[in-house]
Amino acid sequence: MTGGVLVVEHPLVRHRLVALRDETTESATFRQLVHEISTFVAYEALQDLATEQVSVRTPVGVATCTKVAETVLLVPILRAGLGMVPAIQELLPYTEVAHVGLRRDEVTLRSEVYLDRLPRDLTGRRVVVCDPMLATGGSLAQVCDLVVSRGASEVQALCLIASMPGIERFRQSHPELPVACAVVDPELNGNGFIVPGLGDAGDRLFGPPS
Ligand code: PRP
């Protein structure tokens, strides 16, 4: 844990972070790495999924087994959060997806919501907000504000890379929400980019914004 954030430090994750950070890694490989690291982070962070007991007949008897018993609402923060969704959908048996689009103003670094496809009522829902980058923490805090205000009972965030100042800021607005990531970097530059970071995940996944 770093700053109350679960950091998945498995060697297989660290190994993939080398190429994820590398500025010469091309977009197709970057997307594949986002996919793979998202799988590892989600696997570790979702250990408390609700389960139920079931019986299954094997060729030689009856086994008592455990199944996942809840549907998770994935909330990717566009654009970059989209890169994490397929991996988590493959991992979890039951998911739904609701998109939220945020654009960060490059001067003020404040995020503006340009798409809100969250259900109006999230009462009782378990929500996983996905965004590869927690930089200043503003985007994640804003989306968590929305999700919590609509009544979600359990909210957590999955990221790939976070900054220490971003975690501290996020913690001021949402001290209790679980956050998991693959690595925490020490600082931000004047443009709000994580340093050393990996650049702009959205651009590396999808190209420059229109
Ligand atoms: C980036 C990134 C996060 C956000 C993090 O998105 O993908 O969503 O900034 O910054 P913050 O923690 O300082 O709020 P960006 O605005 O570049 O949009 P994009 O994903 O469409 O490229």
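For ligands, and for the atoms within them, numbers begin at 1 and follow the listed sequence. Start at 1 with the first residue, then count along the sequence.
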T66 side chain to E52 side chain, donor-acceptor N/O pair below 3.5 angstrom: no
Side chain, backbone, both or neither: the part of D200 lying under 4.0 Å from ligand 1 by heavy atom: side chain
Per-residue contact class, T136 against ligand 1 - non-hydrogen pairs under 4.0 Å: both
Within-cut-off N or O pair, R103 and ligand 1, under 3.5 Å: no
Polar proximity ligand 1 side, A135 side, N/O cut 3.5 Å exclusive: yes
Minimal non-hydrogen separation, P76 against A98, with atom names: CD-O, 3.3 Å
Test item: protein heavy atom less than 4.0 Å from atom 4 (C) of ligand 1: yes
Audit row: I161, L198, side-chain contact (heavy atoms from CB on, under 4.5 Å) steps and yes/no: CA-CA 8 Å; I161 185 165; L198 48 74; 3.8 Å; yes
Intermediate values then yes/no, side-chain contact (heavy atoms from CB on, under 4.5 Å), T95 and V128: CA-CA 10 Å; T95 56; V128 172; over 6 Å; no
Closest approach of any protein heavy atom to atom 9 (O) of ligand 1, naming residue and atom: R104 NE, 4.0 Å
Contact (N/O only, under 3.5 Å) between R79 and ligand 1: yes
Short side-chain donor-acceptor distance under 3.5 Å, S27 and R31: yes
Nearest-contact summary for atom 14 (O) of ligand 1 - protein heavy atom, Å: S139 OG, 2.5 Å
Heavy atom of A201, distance to ligand 1 below 4.0 Å: no
G138 neighbourhood, listing ligand 1 atoms whose heavy-atom distance to it stays under 4.0 Å: 12 (O), 14 (O)
Per-atom contacts, ligand 1 versus A80 - under 4.0 Å to a heavy atom: 7 (O), 20 (O)
Protein contact of atom 18 (O) of ligand 1 - nearest heavy atom, named by residue and atom, plus distance: L102 O, 4.1 Å
T136/R169 under side-chain contact (heavy atoms from CB on, under 4.5 Å): CA gap, chis, key distance, verdict: CA-CA 7 Å; T136 67; R169 173 174 168 188; 3.6 Å; yes
Atom 22 (O) of ligand 1 touched by protein heavy atom at under 4.0 Å: yes
Stepwise side-chain contact (heavy atoms from CB on, under 4.5 Å) test for Y114 and L78: CA-CA 9 Å; Y114 63 84; L78 307 187; 3.6 Å; yes
Short side-chain donor-acceptor distance under 3.5 Å, E36 and Q32: yes
L134 N/O under 3.5 Å from ligand 1 N/O: no
contact_flag D131 ligand 1 heavy-atom lt 4.0 Å: yes
Residue pair S173 / A141: nearest heavy atoms and the distance that separates them: OG-CB, 3.5 Å
In one Ile/Leu/Val/Met/Phe/Trp/Tyr side-chain cluster, 4.5 Å: I37, L82: yes
